[in-house]
2 protein chains.
Amino acid sequence: MNAVKRKGSRTTVASKPDIRTVAALAKVSIATVSRTINASPAVSEKLAQRVWQAIEQLNYFPNTHARSLVSGRSRILGIIVENITNPFFPELIASFEEIAVAHGYEILVSSTNNDAQLLTNCVRRMLERKVEGVAVLTFGGEEPVLDQLAIHNMPIVLAEFHLDDPSVSTILLDYSAGIHEAVRHLVELGHTRIGFLAGPHVLHSALTRREAFEQTMHEVDLRVHKNWIIECDHTLKGGVTGFEKLMALPSRPTALICSNDMTAIGVLRAAYMANLRVPEDLSVIGLDDIDFAEFTLPPLTTIRLSRHELAKAAFDALRLQAEKSSSAESMIQREFLVSTSLVVRGSTAAPAAEKSASKSKTSLRD
Amino acid sequence: MNAVKRKGSRTTVASKPDIRTVAALAKVSIATVSRTINASPAVSEKLAQRVWQAIEQLNYFPNTHARSLVSGRSRILGIIVENITNPFFPELIASFEEIAVAHGYEILVSSTNNDAQLLTNCVRRMLERKVEGVAVLTFGGEEPVLDQLAIHNMPIVLAEFHLDDPSVSTILLDYSAGIHEAVRHLVELGHTRIGFLAGPHVLHSALTRREAFEQTMHEVDLRVHKNWIIECDHTLKGGVTGFEKLMALPSRPTALICSNDMTAIGVLRAAYMANLRVPEDLSVIGLDDIDFAEFTLPPLTTIRLSRHELAKAAFDALRLQAEKSSSAESMIQREFLVSTSLVVRGSTAAPAAEKSASKSKTSLRD
DNA sequence: CTGAAAGCGCTAACAC
DNA sequence: GTGTTAGCGCTTTCAG
């Protein structure tokens with residue numbers, strides 16, 4: 001009926017079937033069509049079949065905007081990450097998307113690059129699109145803007161940060177387990193001089209990782225050399241710079257744990273440039289286990305943080321929040337734990353003789 | 001007015017301001033509010049100011065779903081990539097998003113992993129969300145499903161593939177330029193025995209790259225050894241396998257150009273494991289120049305393909321299509337060119353003496 | 001220049 | 001079970 005007034009319709013298919021078109025073809029009311037689509041149990045087998053048939057025949061699919069408008073539910077989930085350029089995040093997003101799509105949700109991705117302006121902007125966009133929940137996986141530093149979301153009563157899931165709001169869930173990353181394994185591994189290899197290349201301290205995760213390291217060192221009775229803990233920025237370049245700072249020190253560690261894989265890969269590169277052999281002269285361990293880690297030279301020993309587990313936790317948290325009946329509101333799970341574990345590859349080995357970590361100068365204990 | 005019937009409203013802000021709420025506060029009609037928001041010139045300074053003030057005061061923003069429903073325009077662009085796990089794509093997506101957001105568009109990302117089922121599904125999702133255009137940057141192999149989009153008269157931009165439909169634009173990647181430079185570079189270094197690790201032939205881009213290679217070789221009068229052209233799959237692992245196949249050959253090239261950086265990085269890894277030194281024993285060149293390329297061991301010489309240029313071309317193409325006045329329909333630009341160029345780093349050098357590329361056996365010319 | 005009113009395509013009461 | 005109908009929040013004629 002409405003096939004006439006199209007303007008540029010060249011060989012286009014009989015323009016955009018409507019819920020009405022379907023109803024007409026199936027000889028039912030639009031309400032029945034709607035019910036059928038939404039799998040309402042209150043539709044008889046017989047009609048349902050007629051409807052589905054009409055739907056297929058017309059190649060019809062519902063207009064999500066109309067749906068969202070009337071139902072108030074968009075079936076869109078937001079995910080905000082720090083930097084889509086760090087391979088950890090694409091892998092995380094891919095997992096999140098897969099899970100979301102499987103459950104009939106769409107996702108809206110945004111990366112903030114730690115820029116407050118961008119964050120504000122993307123929170124606004126999420127609000128405008130009426131997302132049903134937002135996973136904030138930037139790992140820290142964005143509390144101020146979160147209020148904007150919380151105030152709209154939007155379900156949120158945060159990594160590593162607890163916000164005392166009923167619509168906010170938290171994912172805790174259990175770094176201790178993996179870092180403990182890593183230190184143990186190093187100790188068993190014979191290392192006692194272990195350094196740590198931290199992430200930017202504005203990130204909760206970076207701080208947590210660093211603390212887990214120090215804690216573990218104490219537990220195994222190893223000395224933590226403050227100047228062997230260097231704040232980097234979780235990028236490749238940062239790893240290079242961190243390594244260089246370390247080399248400038250009069251006394252150096254024989255092993256290095258890095259706050260993420262990107263840093264570790266930067267170190268690998270810098271060590272190579274400095275003619276230091278990994279792992280013979282220096283053992284290095286990363287954190288994340290991005291796909292690349294297996295392909296570095298040498299293959300990177302690293303602490304694995306499962307993107308899939310993390311994505312799943314985020315999705316579950318959001319869904320629980322979004323679909324909670326207002327009655328059982330306070331009963332839902334609001335805290336999720338994701339574990340870590342060591343993956344041993346080629347970038348760790350027993351330290352060489354005493355002067356191992358130094359190229360030419362003698363290494364002094366400080 | 002409508003602030004009462006909220007259910008769980010705890011400390012929530014005076015629930016969701018409406019266009020009506022704004023109109024009431026500003027003492028104008030909702031039509032005026034709408035016009036103001038949409039920057040219609042037909043609103044007097046005075047009223048516009050009152051409206052904006054009301055908007056700010058209420059922290060109001062329009063409901064995009066309602067907007068899309070009535071206007072038929074969603075301000076969403078779709079982007080379909082092959083594999084979000086290859087760093088080339090996140091970098092591409094980030095650029096595309098940045099441009100799109102700057103122009104007030106939202107983006108819907110999907111990766112297909114070369115899975116036809118996934119592709120169909122995501123085309124459907126895009127259609128459901130009423131995207132205004134789709135950038136299909138999977139680089140080949142998805143023609144069948146594209147019809148589904150074309151039939152809906154949806155603006156599409158394709159990489160490397162020409163579809164004879166008025167709503168389809170094409171981005172041509174000028175690989176020849178970069179590959180030419182690469183081969184020249186190798187020749188100047190003294191190489192004559194050059195191999196090529198191709199991408200999967202189902203991808204147009206892979207085929208085009210390979211052809212550009214062969215073409216260039218002919219141009220510089222170098223022999224193309226068919227068995228030095230090996231089909232890989234554009235992954236790290238694929239690079240390793242490709243390299244191994246090459247090593248099994250009785251005669252080997254002294255330099256290798258790879259269809260993408262991932263392959264090249266795989267080769268770097270495999271060469272290391274095989275005790276072959278890069279670049280002394282084997283020069284290798286990648287294609288893409290992903291961020292990682294600068295941080296491999298040794299730093300990768302590669303043919304740069306600007307993600308930003310590509311993203312911009314895709315966006316422009318889509319926007320031209322989407323915003324074309326039906327009159328000037330046939331006048332718009334439908335073809336875009338993105339160039340490539342060589343970035344020389346550390347993975348290329350002059351070949352060693354004659355037996356260079358062989359580890360222990362003598363290398364025979366075939 | 002401004003306002004009133006008619007829907008956009010769909011869901012969710014509410015009747016039958 | 002099924003159909004009728006009243007909007008969801010907004011844009012857009014059409015009058016004034």
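Every heavy atom of this structure was used, including side-chain atoms; hydrogens, water molecules and symmetry mates were not. Labels below follow one simple rule: chain letters A, B, ... track the order of the sequence lines, proteins then strands, and each chain is numbered from 1.
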Check: Should A/S44 be listed as having a side-chain N or O under 4.0 Å from OP1 or OP2 of D/dT2?
Finding: yes

Item checked: Length of the line joining B/N63:CG and C/dC8:C1', which is rounded to integer Å -> 13 Å

Next item on the list: Measure from NE2 on B/H65 to C1' on D/dG7 and round the result to the nearest Å.
Entry: 17 Å

Checklist line | N/O donor-acceptor pair under 3.5 Å between B/S110 side chain and B/I80 backbone | finding: no

Check: Would one find a side-chain N or O of A/R67 under 4.0 angstrom from OP1 or OP2 of C/dC10?
Finding: no

Next item on the list: Could you check B/A42 against B/S71 and say which one's nearest nucleotide on DNA chain C is further toward the 5' end?
Entry: B/A42

Notebook entry, point to check: A/L69 CG to D/dC8 C1': how many Å, rounded?
Noted result: 4 Å

Notebook entry, point to check: Pick the nucleotide of DNA chain C nearest each of B/V70 and B/T32; which residue has the one closer to the 5' end?
Noted result: B/T32

Note to self: Whole angstroms only, please: what is the CZ-C1' distance between A/R20 and C/dC10?
What the structure shows: 8 Å

Check: Is a side-chain N or O of B/N38 found less than 3.5 angstrom from the main chain of B/S40, in a donor-acceptor match?
Finding: no

Next item on the list: Examine C/dC10: is either OP1 or OP2 under 4.0 Å from a nitrogen or oxygen in the side chain of A/S68? Give yes or no.
Entry: no

Note to self: Measure CD/A/E45 against P/D/dT2 and give the value in whole Å, please.
What the structure shows: 11 Å

Next item on the list: Identify whether any heavy atom of A/L47 sits under 4.0 Å from a base atom; if not, whether one sits that close to sugar-phosphate; answer base, sugar-phosphate or nothing.
Entry: sugar-phosphate

Next item on the list: Determine the minimum heavy-atom distance between B/V43 and B/R35, stating which atoms define it.
Entry: CG2-CB, 3.5 Å

Notebook entry, point to check: Is the distance from OP1 or OP2 of D/dT11 to the nearest side-chain N or O of B/N38 less than 4.0 Å?
Noted result: yes

Note to self: Between A/T112 and A/L119 (side chain of the first, backbone of the second, donor and acceptor by atom type, cut-off under 3.5 Å), is there such a pair?
What the structure shows: no

Note to self: With a 3.5 Å distance limit and no angle check, can you tell me whether B/R50 reaches the backbone of B/K27 through a side-chain donor-acceptor pair?
What the structure shows: yes

Check: What is the distance from CD1 of B/I30 to C1' of D/dG7, rounded to the nearest Å?
Finding: 13 Å

Notebook entry, point to check: C/dT11 phosphate, OP1 or OP2: any side-chain N/O from A/S34 under 4.0 angstrom?
Noted result: yes

Note to self: Can you measure B/I19 atom CD1 to D/dT11 atom C1' for me and round it to whole angstrom units?
What the structure shows: 8 Å

Check: What nucleic acid atoms does B/V33 come within less than 4.0 Å of, heavy atoms only: base, sugar-phosphate, or nothing?
Finding: nothing

Margin query: What's B/V43 touching, base or sugar-phosphate or nothing? Going by heavy atoms closer than 4.0 Å.
Written below: sugar-phosphate

Next item on the list: Round to a whole Å and report the spacing from CZ of A/R35 to C1' of C/dA12.
Entry: 9 Å

